[in-house]
Number of protein chains: 2
Amino acid sequence: MPKNDNMLTILWMLNSGEKLTAKQISEKLEINIRTVYRYMDALCASGVPIISDTGHNGGYSLLHNFIKSPLLFSINEKKTLLHAALFAKEAGYPLSEALENATSKLKMYSNQEQESILSHHLAGFEVINRRGYPAVQPVLQELEHAVANEWSVEISYRNSHDEQSPNRVIDPYGMVNWNNKWYTIAFCHLRNEIRSFRVERILNITRTPFSFRRPNEFSARTFFMKNLLPDVVDKSGLISLIIGGRAEALDDLCIHWFLEHHLQERTSTQAIFLLEEELLYTHVPYIILPYGKSIQVIEPQNLKNKLVEVASELMEYYQV
Amino acid sequence: MPKNDNMLTILWMLNSGEKLTAKQISEKLEINIRTVYRYMDALCASGVPIISDTGHNGGYSLLHNFIKSPLLFSINEKKTLLHAALFAKEAGYPLSEALENATSKLKMYSNQEQESILSHHLAGFEVINRRGYPAVQPVLQELEHAVANEWSVEISYRNSHDEQSPNRVIDPYGMVNWNNKWYTIAFCHLRNEIRSFRVERILNITRTPFSFRRPNEFSARTFFMKNLLPDVVDKSGLISLIIGGRAEALDDLCIHWFLEHHLQERTSTQAIFLLEEELLYTHVPYIILPYGKSIQVIEPQNLKNKLVEVASELMEYYQV
DNA sequence: CTTTCACTGACAACTGCTGTCAGTGAAGTT
DNA sequence: AACTTCACTGACAGCAGTTGTCAGTGAAAG
């Protein structure tokens with residue numbers, strides 16, 4: 001295999017610390033200069049940190065650190081990386097194959113003693129989560145590609161009212177895993193604005209030949225959180241919501257995805273939230289209902305009235 | 001280059017010290033056995049000390065294992081590891097410091113181009129989760145240590161009824177992150193059985209000088225899931241629960257942590273679950289209530305009656 | 001503005017890899 | 001002694017991946 005031999009030779013040549021031009025390498029190995037470029041590409045792709053400089057006195061060299069000391073992880077660092085991989089896997093991370101490769105390399109790269117310690121440490125650590133429907137995996141993969149390479153894609157999307165709107169072209173600026181659900185934040189060419197899309201509702205996704213530029217300052221996280229919890233302009237209109245009840249139920253309430261962001265104070269017997277009036281009377285009743293009698297609303301009275309109203313409506317609804 | 005990859009894989013497989021026959025290798029790598037022989041030839045030719053034994057119990061093995069070669073990750077593998085780290089971080093992973101070290105090393109060993117590609121790819125990827133109270137971090141860290149090194153610990157635990165039971169010594173067999181909440185599965189010396197403990201309720205944890213041996217066959221995952229969803233012995237007593245309504249609401253229902261495990265069938269307009277009678281009338285009403293009128297119970301009638309009952313109770317509860 | 005260098009894409013020629021088949025020999029088992 | 005298991009070899013057709021060639025872009029330095 002002349003190819004592998006030559007690539008190794010190049011590595012050794014560079015490892016001496018010398019700076020070499022492609023032409024020099026091609027002459028030394030008696031191969032075409034084009035082939036040198038190809039080898040360099042291949043080496044970079046497998047993770048060798050090769051530095052290339054153009055122009056006068058240019059050429060190839062190896063990252064200084066790399067020559068001095070190869071990448072070494074302590075057993076603890078390995079463990080954390082492997083633990084982290086478990087989280088990703090359980091969240092339905094789409095690039096599971098590459099991740100699998102990486103983790104198996106990590107596991108291999110230890111002697112037997114370390115290996116047994118590692119596997120022992122890993123045995124006691126579990127992440128359990130809904131992995132998501134396997135059906136979304138291909139969509140997620142395609143999306144990840146599109147986000148990473150800034151390709152526009154065409155999707156057909158089922159919106160929240162079950163209507164299947166016409167196909168649209170979107171520029172996926174980012175993908176977000178929130179609360180174990182996948183979203184993409186994208187500029188929608190149909191509506192001409194940035195929107196967030198639930199990946200499970202993307203029925204179809206196809207790459208387009210167009211590409212886009214994500215604005216530099218754009219942050220998917222910020223956009224998503226703004227979208228989820230719009231900025232409150234008028235702070236004076238906020239209403240205190242005071243809940244009492246069993247510590248267990250209160251704890252749970254305080255980590256509710258919506259309420260947690262409005263938590264003001266938590267005492268041993270009460271949880272106090274600060275909310276806008278509208279949200280308080282539309283969303284909150286439905287958050288509180290499932291806790292039944294394990295919690296009580298202490299304030300405001302209006303919410304209690306609303307709860308009575310909601311409960312009686314539901315009673316009627318199911319009485320038919 | 002599948003060839004190189006496969007040859008490397010063979011090396012790593014043998015490096016573990018195992019003896020493997022050509023057939024086993026060929027099946028694992030999904031290549032022809034002839035090709036395995038060819039690879040072996042090539043490896044021997046490049047100086048790898050491979051021992052081959054013919055006849056019964058024959059196969060290949062390595063003379064002295066532990067092959068040194070620098071750990072190299074392709075840019076994709078790096079990306080997935082860094083993505084995975086985000087998941088762990090957002091889940092409130094306790095060993096965040098070691099993880100941080102590992103990821104910064106990963107980022108370090110790249111040239112500028114790789115680095116910019118990496119950071120660009122990472123910019124579009126976000127995981128957003130409740131990170132958990134910072135207060136549990138020290139407990140989690142201590143627990144992780146104890147699990148990994150098999151140390152018994154003494155904890156004070158607030159159980160679900162707000163009573164603070166006496167301190168107890170537990171042998172933490174494992175830790176589990178389920179639905180973004182941390183648990184430990186441990187042998188409890190107070191109750192003399194394996195139990196699961198919610199980490200947020202551990203008020204105090206101190207190492208003891210005792211150590212334990214985790215049973216080899218123990219799996220925290222299995223125990224936890226059995227605990228969460230006990231085996232149904234009598235399959236005949238199961239009742240069909242049929243829910244109709246908006247696709248959006250149904251989707252959500254089908255990924256509910258409890259109901260998802262009982263999903264039988266999902267059509268475009270209905271979701272059908274199969275449940276034990278007791279659970280159906282105790283838990284399910286509280287799961288269904290918050291969905292309000294976006295879903296309807298189609299079957300069984302008894303559940304509707306129960307819903308009416310629950311709703312009217314709640315109405316009364318809040319009327320005072 | 002020129003030189004030097006890295007880098008890309010397309011394409012035809014070609015090299016070397018793969019699977020298949022058929023067969024040999026050594027080590028152990030029955 | 002017959003049989004099984006396993007490593008190993010040679011030949012060959014088909015095919016995948018590699019190479020050299022050519023033509024051209026872009027960045028850095030003098």
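Just so we're on the same page: letters track the sequence lines, and every chain starts at 1.
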Practice task
Name all residues meeting the salt bridge (charged side-chain N to carboxylate O under 4.0 Å, His left out) criterion together with Glu217(B); count only those two or more places apart in sequence or in a different chain, and write none if there are none.
Solution key: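 Partners of Glu217(B) by the salt bridge (charged side-chain N to carboxylate O under 4.0 Å, His left out) criterion come out as none, since no residue qualifies.
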Problem - Residues in salt bridge (charged side-chain N to carboxylate O under 4.0 Å, His left out) contact with Asp251(B), at least two apart in sequence or another chain - result: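 So Asp251(B) forms a salt bridge (charged side-chain N to carboxylate O under 4.0 Å, His left out) with Arg158(A), Arg266(B).
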Problem - Residues His120(A) and Glu150(B): side-chain donor-acceptor under 3.5 angstrom - result: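 A pair is found: one side chain offers a donor N or O, the other an acceptor, under 3.5 Å apart.
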Handout entry: Donor-acceptor pair between Gln24(A) and Thr21(A) side chains, under 3.5 angstrom
Key =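 Distance-only check passes for Gln24(A) and Thr21(A).
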Between [X] ([atom1]) and [N] ([atom2]), how many Å, whole number?
X	N	atom1	atom2	result
Leu29(A)	dT18(D)	CG	P	17 Å
Tyr37(A)	dG20(D)	OH	P	14 Å
Asn4(A)	dG17(D)	CG	C1'	12 Å
Glu113(B)	dA27(D)	CD	C1'	13 Å
Ile31(A)	dG17(D)	CD1	P	20 Å

Exercise for the section: On the 0 to 90° scale, with breaks at 30° and 60°, tag the Phe73(A)-Phe73(B) ring pair as parallel, tilted or perpendicular. Expected result: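 Phe73(A) and Phe73(B): tilted rings.
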Exercise for the section: Fit a plane to each ring of Phe125(B) and His83(B), take the angle between them on a 0 to 90° scale, and name the class: parallel (under 30°), tilted (30 to 60°) or perpendicular (over 60°). Expected result: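 Phe125(B) vs His83(B) ring planes: parallel.
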Exercise for the section: Sorted by first residue and then second, give each ring-ring contact (aromatic ring centres under 6.0 Å, His included) pair with at least one member in residues 193-217 of chain A; sequence neighbours left out. Expected result: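 Qualifying pairs, neighbours excluded: Tyr157(A)-Phe197(A), Tyr173(A)-Phe212(A).
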Problem - Net bend of the helix from dC1(C)-dG30(D) to dT30(C)-dA1(D), end axes of five pairs each, nearest 10 degrees - result: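 The end-segment axes of the helix from dC1(C)-dG30(D) to dT30(C)-dA1(D) are tilted 50° relative to each other.
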Exercise for the section: Walking along DNA chain C from 5' to 3', note the first and the last nucleotide with an atom under 4.0 Å from a heavy atom of chain A, and give both. Expected result: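 That gives a stretch of dT3(C) to dC17(C).
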Handout entry: Derivation and outcome, salt bridge (Lys or Arg N to Asp or Glu O under 4.0 Å), residues Glu100(B) and Lys105(B)
Key = CA-CA 9 Å; Glu100(B) 187 64 40; Lys105(B) 269 190 198 172; over 6 Å; no
Practice task
Please figure out whether Ile33(A) or Arg38(A) has its closest DNA chain C nucleotide nearer the 5' end.
Solution key: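 By nearest-heavy-atom nucleotide position, the 5'-most residue is Ile33(A).
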Exercise for the section: Would you mind telling me which residue lines up with the more 5' stretch of DNA chain C, Glu30(B) or Gly59(A), judged by nearest nucleotide? Expected result: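 It is Gly59(A) whose nearest nucleotide is closer to the 5' end.
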Practice task
Go through residues 45-57 of chain A and report each residue with a non-hydrogen atom lying under 4.0 Å from DNA chain D, sorted by number.
Solution key: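 Residues of residues 45-57 of chain A under 4.0 Å from DNA chain D: Thr54(A), Gly55(A), His56(A).
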Practice task
Check the pair Lys19(A) / Asp53(A) against salt bridge (Lys or Arg N to Asp or Glu O under 4.0 Å), numbers first and verdict last.
Solution key: CA-CA 10 Å; Lys19(A) 194 175 214 177; Asp53(A) 298 303; 2.9 Å; yes
Exercise for the section: Check whether any side-chain heavy atom of Leu14(B) lies under 4.5 Å from a side-chain heavy atom of Met40(B), and answer yes or no. Expected result: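 Result yes, sub-4.5 Å side-chain heavy-atom pair found.
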Handout entry: Glu193(A) vs Arg191(A), salt bridge (Lys or Arg N to Asp or Glu O under 4.0 Å): CA-CA, chis, key distance, verdict
Key = CA-CA 6 Å; Glu193(A) 58 177 9; Arg191(A) 307 279 178 222; over 6 Å; no
